[in-house]
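Every number for a ligand or one of its atoms is a count from 1 in the order of the listing.
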Amino acid sequence: MNTGNQRRSRVQGGWAATSSGASSRLKSSATAVSSSDIACSKKGDKLPMNNAISQKEKMKAPIWLGKNIDQVVPKSKYVFEYPEEEIKVKPEDQVILKPGVYDISTEPSGLSRLRYFPQFIEFSRSEAIFAELYDSIEWHQRYDIHNGVHAIQPRLTQWYSDLPYTYSGITVEANTSEWPKALKELKEQLIEVTGIEFNSLAANLYRDGHDSIGWHTDDEPIMGKRPVIASLSFGEERVFELRKKPPMNESGERDYTYSQVIRIPLRSGALLIMEGCTQLDWQHRVPKEYHDRGPRINITFRVARPVEKS
Ligand SMILES: O=C(O)CCC(=O)C(=O)O
Ligand SMILES: [Fe+2]
């Protein structure tokens, strides 16, 4: 509502500016605009009195106060301003199907590298190995601890190493029992092709499509900072997924909504080697599947060394 000393004239849907009000603001910010330009007044019309707007009103008068159809709009008013909020776009999921060496990220921490050999072991041998491992490994049902709560692992496992292994809140004791023959042979074959002296292994038996392993990293201290992990698969094909770790927020949490995801089908006889910073900068998992899947065995060869106490 206009009060006596705040009176302005309404002209064709806009507020008629005063020479000392909005018009003076426009003059100072762009090319000089005369009061007749601004007010679209007929000759002889009276412009509102300058002193009709209080000093306070002039200060808070909105920028569009003097806008009118004849007004020359200073270009600078339409300069595009970038939104302050960061716009995040989730990169498209990638699928790796061809054999090769894949450098999946380069962070300040270093390079994360995968080596993928879909048919490292020929099919008939891999099926024979599956049968041998299924029968000869003493499979265990273990539990994870999440936030103090025990949860049954949706798979069976075994660990072979002179050292105990701690992950997901549980410690699996060292297991110095003799390795099944197939595992000894596979270890020698991998040492030969990689030059890495693997000395430990974790075995998983996924009984069907409902068995899985959740997002995790194999970053147990006994494996060192940039472990090389060689993973062999036998039996039913399952999809192995990796997702990039985003930076932590102020509360130490990570939001994976926009993370890059890589999928790799691991069929019987496939070898996948994770190395460099893959355990630092990425997580991996084998998700549940909702259609029929037969059993699958996965063996991950690792190098475990006692952790030096500082
Ligand atoms: O089953 C797989 O392919 C992965 C197993 C794994 O990530 C693990 O044992 O840490
Ligand atoms: Fe793992």
Side-chain angles (χ1 to χ4, degrees), residues 95-96 102 104 112-121 126 129-130 133-134 137 139-144 146 153-161 163-172 175 183 186-187 190 198-245 261-289 293-304:
V95 181
I96 293 181
Y102 296 86
I104 53 172
S112 295
R113 176 168 285 174
L114 302 176
R115 293 175 197 268
Y116 177 53
F117 307 88
Q119 207 64 80
F120 180 71
I121 296 167
S126 75
I129 293 173
F130 173 85
L133 298 181
Y134 192 90
I137 292 180
W139 296 104
H140 289 267
Q141 174 67 76
R142 294 197 167 94
Y143 295 82
D144 291 330
H146 294 293
Q153 285 182 341
R155 63 190 181 282
L156 303 181
T157 61
Q158 183 55 294
W159 170 242
Y160 292 92
S161 177
L163 295 172
Y165 170 51
T166 303
Y167 69 102
S168 293
I170 58 158
T171 298
V172 178
N175 173 15
L183 292 182
L186 290 169
K187 183 181 91 164
L190 284 175
F198 296 107
N199 61 8
S200 303
L201 74 83
N204 291 297
L205 169 60
Y206 302 85
R207 292 155 292 188
D208 58 31
H210 296 121
D211 273 356
S212 62
I213 188 165
W215 289 117
H216 68 283
T217 46
D218 296 333
D219 57 358
E220 299 76 33
I222 55 163
M223 292 191 285
K225 275 232 162 72
R226 287 171 179 71
V228 178
I229 295 173
S231 155
L232 281 171
S233 295
F234 303 99
E236 187 79 4
E237 176 176 325
R238 293 288 293 265
V239 178
F240 183 84
E241 295 184 342
L242 295 116
R243 71 174 177 185
K244 185 86 194 307
K245 283 191 196 174
V261 172
I262 300 175
R263 296 202 169 81
I264 310 169
L266 295 181
R267 72 172 87 105
S268 202
L271 168 64
L272 178 71
I273 300 178
M274 296 184 272
E275 57 184 82
C277 295
T278 310
Q279 305 307 318
L280 270 178
D281 293 333
W282 294 76
Q283 288 189 321
H284 58 269
R285 72 168 180 176
V286 175
K288 281 188 197 322
E289 293 195 13
R293 284 284 182 206
R296 166 181 183 256
I297 291 173
N298 173 260
I299 307 291
T300 49
F301 288 88
R302 301 146 187 245
V303 181

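- Scanning the protein for heavy atoms near atom 9 (O) of ligand 1, the closest one is N204 ND2, 2.8 Å.
- Of all the heavy atoms of R296, the ones lying under 4.0 Å from any atom of ligand 1 belong exclusively to the side chain.
- Here R207 pairs with D211 under the salt bridge (Lys or Arg N to Asp or Glu O under 4.0 Å) rule; sequence neighbours left out.
- Of the heavy atoms in R238, none comes closer than 4.0 Å to ligand 1.
- Under 4.0 Å from ligand 1, the heavy atoms of R302 that appear belong solely to its side chain.
- Close approach to H284 involves these atoms of ligand 1, each under 4.0 Å from a residue heavy atom: 7 (O).
- Heavy atoms of other residues, nucleotides or ligands lying less than 6.0 angstrom from OH of Y134 number 12 at most.
- Evaluated by nearest non-hydrogen atom to atom 6 (C) of ligand 1, the leading choice among H216, R285, E241 is H216.
- Not counting sequence neighbours, the partners of R113 by the salt bridge (Lys or Arg N to Asp or Glu O under 4.0 Å) test are D103.
- By the criterion of a heavy-atom distance under 4.0 Å, the side chain of D218, and not its backbone, is placed next to ligand 1.
- Considering backbone and side-chain atoms together, S233 places no N or O closer than 3.5 Å to any N or O of ligand 1.
- For ligand 1, the polar-atom distance check against S231 finds no nitrogen or oxygen pair separated by under 3.5 Å.
- Here the side chain of N175 pairs no donor or acceptor atom with the backbone of S161 at under 3.5 angstrom.
- Heavy-atom contacts of Y206 reach the following atoms of ligand 1: 1 (O), 2 (C), 4 (C), 5 (C) (cutoff under 4.0 Å).
- The nearest pair of heavy atoms linking S233 to R296 is OG-NH2, 2.8 Å.
- Around the Fe ion (ligand 2), the protein N, O or S atoms found under 2.8 Å comprise H216 NE2, D218 OD1, D218 OD2, H284 NE2.
- Within ligand 1, counting atoms from 1 as listed, the ones closer than 4.0 Å to a heavy atom of F240 are 3 (O), 4 (C).
- For D218, the salt bridge (Lys or Arg N to Asp or Glu O under 4.0 Å) criterion is met by R302, not counting sequence neighbours.
- A cation-pi arrangement is present between R243 and W215 under the rule of less than 6.0 angstrom and at most 45 degrees off the ring axis.
- Heavy atoms only, all atoms of each residue included: T217 and H284 are closest at CA-CE1, 4.3 Å.
- The minimum heavy-atom distance between T157 and R155, with the atom names listed, is CG2-NE, 3.9 Å.
- Taken from CD1 in I297 to CD in E236, the straight-line distance is 12.5 Å, to the nearest 0.5 Å.
- The nearest non-hydrogen atom to atom 5 (C) of ligand 1, considering only N298, I297, I299, T157, comes from N298.
- Within the 4.5 Å cutoff, side-chain heavy atoms of I121 are placed close to those of F234.
- Proximity of Q283 to T278: side-chain heavy atoms (C-beta onward) are nowhere separated by under 4.5 Å.
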